[in-house]
Amino acid sequence: MLNYLIVDNIIKEALKEDIPYGDITASSVVTPDSKAKASLIAKEDGIICGLSVFERVFSILGGVKFTSFISEGSFIKKGDIIGEVTGNALNILMGERVALNLLQRMSGIATLTNKYVKKLEGLNTKILDTRKTTANLRILEKYAVKIGGGKNHRFSLSDGILIKDNHIGYAGSISAAVKLVKENSSFVRKIEVETESKNDVLEALEAGVDIIMLDNMSPSQVKEMVKLINGRAIIECSGNITLDTVRDYALPGVDFISSGELTHSIRAFDISLKNFTRL
C-alpha cells in the first residue's frame, strides 16, 4: 500500500518544479473554465503501474476526473487505451507531464521486474530491489517492484542491518563487526553480512549471522557457497546480475537475488496522453 501523505508531498514538489508560476503557454491558449478530455494510451507492451498516482496528480490540481479502463498491475499492449481524463482543460495540461513522468517510471520498473520474475519461474528464488533508487521517489519505485512481482529489501538504513565492506573495513573483520552490531542493536533484528569470498562466508557462519549476501561471485562460486552454507543462513545473491544471467545465479538454490537495475537503470515505459479534445 502507498502512503499518500508521502505520495502527495512528492507530487506537490514535482508540480512546484514544473509549474512554479503556472503554465504560461496553456494559460494563453485555454480559458480557465474550459473543459476537455484526453486518452491515456500505451505505446508498448508491459505492466501498468501507478494509476492511482497518476489520478492523484489531477486530484491535487482539482477539477479533473481520471477513469481507468485497466486494473493496476495488468499486462497491457501497444495501442491499449488505459484510461481517460476529463475536466478542467488548463489543469489537464498543467498536470500532464508530472502525471506521465511518474506513471511511466513506475510502469517501467514494474515491467522490468516482471521480466526478472518470469526468468525465475519454477524456482523458489525471489527477486529483490535495493536502495539504488531515485532520490525522494523510493516509495513509488519500491511499490512498482512489488506490482511487477518482486519483493522489497529494506526501505532505508533504519529498517535492517546489513554489514557491508566499509563497515567491515572500519571494524577490522566480519566477526568484529557482527560482535559490535549484536552489542549495540536490538536482539530482534536479523543480521545480514556481505561476503566476497569463501573465507568471508566461513567467518560469517562462525559469527552466527542470519543472512549471507554473496556479492560479485560467479554462478559456479555461488553454487559452491550454497553447499557450504547448507541451510545455516538465508542466502542473498547480488552484484552485476543481469536478465540474461539471473537464472544461472538462482539455480544453485539461493533464497533471494537483489538487483539495483530494477530501479536505477530502467527505461521509462512509453505512455502518452493523446486525443486532447475541447468539450
Side-chain angles (χ1 to χ4, degrees), residues 112-113 115-117 119-120 123-134 138 141-142 145 150-266:
L112 179 59
T113 301
K115 290 178 181 179
Y116 270 87
V117 170
K119 288 283 187 177
L120 301 182
L123 304 177
N124 292 323
T125 307
K126 306 300 182 185
I127 192 75
L128 296 173
D129 53 27
T130 70
R131 286 172 37 252
K132 295 176 182 178
T133 54
T134 307
R138 183 171 295 168
E141 296 184 347
K142 282 183 171 283
V145 167
K151 303 291 183 182
N152 294 146
H153 209 299
R154 55 183 181 164
F155 264 75
S156 70
L157 293 173
S158 302
D159 282 347
I161 295 168
L162 173 48
I163 301 171
K164 298 172 72 71
D165 54 352
N166 287 334
H167 305 115
I168 295 165
Y170 179 85
S173 66
I174 288 174
S175 55
V178 172
K179 183 174 183 292
L180 287 167
V181 166
K182 288 182 176 180
E183 289 174 351
N184 295 301
S185 66
S186 171
F187 71 94
V188 302
R189 300 281 191 180
K190 288 185 177 181
I191 300 174
E192 180 172 6
V193 172
E194 180 182 87
T195 62
E196 298 179 346
S197 67
K198 181 177 180 179
N199 287 339
D200 284 352
V201 171
L202 289 169
E203 188 176 357
L205 287 171
E206 181 66 25
V209 304
D210 302 290
I211 308 164
I212 293 177
M213 177 193 288
L214 306 176
D215 190 44
N216 288 310
M217 295 188 184
S218 67
S220 60
Q221 288 174 310
V222 168
K223 184 176 181 180
E224 181 186 355
M225 295 307 106
V226 169
K227 289 181 179 179
L228 178 64
I229 295 168
N230 193 29
R232 289 179 285 174
I234 295 169
I235 303 173
E236 177 185 343
C237 194
S238 187
N240 298 312
I241 298 169
T242 67
L243 199 57
D244 291 331
T245 62
V246 65
R247 192 170 180 88
D248 293 332
Y249 279 94
L251 283 171
V254 301
D255 300 291
F256 299 99
I257 291 177
S258 55
S259 172
E261 182 187 14
L262 300 182
T263 52
H264 75 57
S265 299
I266 66 101

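As a basis for the values below, the full set of heavy atoms in this structure was taken, side chains included, without hydrogen atoms, waters or symmetry mates.
Here the shortest heavy-atom pairing between V222 and P252 reads CG1-CG, 4.2 Å. The two residues A233 and V209 come nearest to each other via the heavy atoms CB-O, 4.1 Å. Nearest approach of L112 to L262, heavy atoms of both residues: CD2-CA, 4.1 Å. Taking both residues in full, the closest heavy atoms of I163 and A177 are given as CG2-CB, 3.8 Å, listed atom of the first, atom of the second, then distance. In this structure, V145 and K151 approach most closely via the heavy-atom pair CG1-O, 3.8 Å.
Counting heavy atoms from C-beta outward, R131 and H153 have side chains that stay 4.5 Å or more apart. In this structure, the side chains of F256 and I234 come closer than 4.5 Å at one or more pairs of heavy atoms. When side chains are defined from C-beta on, L128 counts as touching E236, because their heavy atoms get closer than 4.5 Å. Side-chain contact between S185 and I161: present, with at least one pair of heavy atoms (C-beta onward) separated by less than 4.5 Å.
Applying the salt bridge (charged side-chain N to carboxylate O under 4.0 Å, His left out) rule to pairs touching residues 154-172 yields K164-E194, sequence neighbours excluded. Judged as a side-chain hydrogen bond (donor to acceptor under 3.5 Å, both in side chains), the pairs with a partner in residues 206-218 (not counting sequence neighbours) are, in order, N216-N240, S218-S220, S218-Q221.
Scanning for side chain to side chain donor-acceptor pair (under 3.5 Å) contacts around K179 gives E183, with sequence neighbours left out.
Using modelled atom types and a 3.5 Å distance limit, the side chains of T242 and E261 yield no donor-acceptor pair.
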